[in-house]
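Quick note: residue numbers are just sequence positions, from 1. Order of appearance sets the numbers: ligands from 1, and atoms from 1 within every ligand.
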Amino acid sequence: MAVKQRELATGQELLRIENLYTQFFTEQGVVKAVDGVSFSIEQGKTLGIVGESGCGKSITAMSIMRLLPEPRGRIVEGKITFYPPDENSVDLTALDRHSPEMRSIRGRHIAMIFQEPMTSLNPVYTVGAQITEAIQLHQKVNKETARSRAIEVLEQVDIPDPERRIDEYPHQMSGGQRQRAMIAMALSCYPSLLIADEPTTALDVTIQAKILRNMRGLQKQYGMAIMLITHDLGVIGQMADEVLVMYVGKKVEQAGVRNIFHNPLHPYTQGLIKSIPLIGLRGKKLLPITGSVPSPYNLPKGCYFAPRCPSAMDRCRQEAPSEVEAEPGHLVSCWLYK
Ligand SMILES: Nc1ncnc2c1ncn2[C@@H]1O[C@H](COP(=O)(O)OP(=O)(O)OP(=O)(O)O)[C@@H](O)[C@H]1O
Ligand SMILES: [Mg+2]
């Protein structure tokens, strides 16, 4: 009996986020980690999310997965509608995060590769036991089938000698191998949506390229959607269909990947693009734009980017811009386009 793959129709809406506000309630004040963000992800497509450290990329992902450290950090407003293939749609914000329904969505339908590999591997179980358990939790297959599927995914992420290494504990693997084992675990259940948070940052360039190729291969094979969070614009250029640019909890621009690189509209996106000397050169990190990101406890009035913006006008320092569709399918929040 083979592990069942679900057939997904490319282009259909799989996830829709509407006006999401996620906040942390700390002793110093409220951190508006995600501040009114909306977007959707289509089946079979890759949405890239970029932006400087602290802009809310991981917290957007954790909100979808309902893995926030509640109640300290929680969704305070918004809707996250998930359209699972062949099942009724569900608002993830309305579910109890510990409920069987949410647990079944996590892993089976939506899998996540975490920025920090040790958060999802348990040190007291072998890597194989963990992947096999994940497969058996979500698919009705016997142990043998699950084990051979686990070996197959370990091979797909380039773990050498997977038949033997499947019985190793996480600490017996190198950091890069652990990260790949985690990627294997995420892929093992054929999720319809893979959320990958800086999935290849700790890996060397050759292995990174191979894993990205494998991810794309699986995506083509059965229509998996990918939400790819990365600092690496080279990876975005290679992988993404659509790109969302975030700044201090807000989406400042969204467009198809070609437009983001060749016709960026927001001065922040323009800064990001200009800060890489050679677009498409893999492994190039974003260089900081002049000035720094404001403190979440002391945000400027108006547009949060205004203090660093070369094109800032008086209005920008008074009023926050709302989103406009500057050209078909190209969204931007900036007073230059009003
Ligand atoms: N547990 C927490 N308690 C308080 N604030 C938090 C917590 N986790 C995240 N934040 C805050 O939420 C905001 C968004 O953080 P997030 O982790 O989403 O950033 P990011 O875009 O993923 O950054 P990076 O590129 O560094 O991973 C930041 O201001 C961060 O300080
Ligand atoms: Mg992050």
Side-chain angles (χ1 to χ4, degrees), residues 17 19-39 47-78 80 92-93 97 110-120 175 179 182-183 186 194-203 208 226-236 239-240 243-254 260 266 268-269 271-272 275-276 283-289 291-300 304-305 307-308 333:
I17 298 196
N19 259 316
L20 180 70
Y21 290 82
T22 302
Q23 303 182 346
F24 286 91
F25 298 85
T26 73
E27 269 147 38
Q28 297 102 295
V30 177
V31 177
K32 296 175 177 172
V34 182
D35 202 26
V37 168
S38 303
F39 63 90
L47 173 76
I49 302 193
V50 289
E52 279 162 296
S53 183
C55 70
K57 305 181 295 294
S58 294
I59 298 305
T60 301
M62 295 301 213
S63 303
I64 298 169
M65 294 296 277
R66 295 296 310 278
L67 290 173
L68 297 164
E70 293 177 30
R72 206 176 111 86
R74 60 179 189 266
I75 296 170
V76 295
E77 208 186 309
I80 303 176
L92 302 183
T93 65
R97 68 196 177 113
I110 309 179
M112 180 160 171
I113 300 168
F114 293 87
Q115 206 167 355
E116 176 46 63
M118 282 319 273
T119 44
S120 58
Q179 192 167 21
M182 183 177 59
I183 295 173
L194 176 70
I195 301 178
D197 193 352
E198 302 280 2
T200 54
T201 316
L203 305 175
Q208 171 178 311
I226 302 174
M227 177 172 143
L228 180 67
I229 297 172
T230 178
H231 281 94
D232 191 330
L233 277 178
V235 170
I236 289 285
M239 296 283 292
V243 183
L244 197 148
V245 182
M246 287 184 76
Y247 190 73
V248 199
K250 291 185 188 293
K251 174 174 94 177
V252 295
E253 184 161 1
Q254 181 182 346
I260 288 291
H266 199 287
Y268 179 60
T269 316
L272 291 181
S275 68
I276 41 165
K284 277 279 167 208
K285 298 265 186 309
L286 307 188
L287 297 173
I289 297 163
S292 51
V293 178
S295 153
Y297 301 109
N298 188 19
L299 292 169
Y304 295 160
F305 189 61
R308 300 170 80 187
S333 295

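- Judged by distance alone, the side chains of Asp197 and Ser58 do bring a donor and an acceptor atom under 3.5 Å apart.
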Could you list the donor-acceptor pairs under 3.5 angstrom formed by side chains in residues 291-298, with sequence neighbours left out?
residue: Ser295; atom: OG; partner: Tyr297; partner atom: N; Å: 3.0
residue: Tyr297; atom: OH; partner: Thr26; partner atom: OG1; Å: 3.1

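- Closest non-hydrogen pair, Ile289 versus Glu52, comes out as N-OE2, 4.2 Å.
- Looking at Ser63 and Leu20, their side chains come closer than 4.5 Å, going by heavy atoms from C-beta outward.
- Judged as a salt bridge (charged side-chain N to carboxylate O under 4.0 Å, His left out), the pairs with a partner in residues 54-75 (not counting sequence neighbours) are, in order, Arg66-Glu70, Glu70-Arg97.
- With a 4.5 Å cut-off on side-chain heavy atoms, Leu299 and Val248 count as touching.
- Protein N/O/S atoms nearer than 2.8 Å to the Mg ion (ligand 2) total 2.
- Of all heavy-atom pairs between Pro199 and Ile229, the closest is CD-O, 3.8 Å.
- Pairing each heavy atom of Ala240 with each of Gly48, the nearest pair is CB-N, 3.9 Å.
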N/O pairs closer than 3.5 Å, ligand 1 and protein:
residue: ligand 1; atom: 3 (N); partner: Arg72; partner atom: NH2; Å: 3.0
residue: ligand 1; atom: 18 (O); partner: Lys57; partner atom: N; Å: 3.4
residue: ligand 1; atom: 18 (O); partner: Ser58; partner atom: N; Å: 3.3
residue: ligand 1; atom: 18 (O); partner: Ile59; partner atom: N; Å: 2.9
residue: ligand 1; atom: 21 (O); partner: Cys55; partner atom: N; Å: 3.2
residue: ligand 1; atom: 21 (O); partner: Gly56; partner atom: N; Å: 3.1
residue: ligand 1; atom: 21 (O); partner: Lys57; partner atom: N; Å: 3.0
residue: ligand 1; atom: 21 (O); partner: Lys57; partner atom: NZ; Å: 2.9
residue: ligand 1; atom: 22 (O); partner: Ser58; partner atom: N; Å: 2.9
residue: ligand 1; atom: 22 (O); partner: Ser58; partner atom: OG; Å: 2.9
residue: ligand 1; atom: 23 (O); partner: Gly54; partner atom: N; Å: 2.8
residue: ligand 1; atom: 25 (O); partner: Lys57; partner atom: NZ; Å: 2.8
residue: ligand 1; atom: 25 (O); partner: His231; partner atom: NE2; Å: 3.3
residue: ligand 1; atom: 26 (O); partner: Ser53; partner atom: OG; Å: 2.5
residue: ligand 1; atom: 27 (O); partner: Gln115; partner atom: OE1; Å: 3.2
residue: ligand 1; atom: 27 (O); partner: Gln115; partner atom: NE2; Å: 2.9

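- Each of Arg308, His266, Glu253 was checked for a side-chain hydrogen bond (donor to acceptor under 3.5 Å, both in side chains) with Tyr247, and the lone residue meeting it is Arg308.
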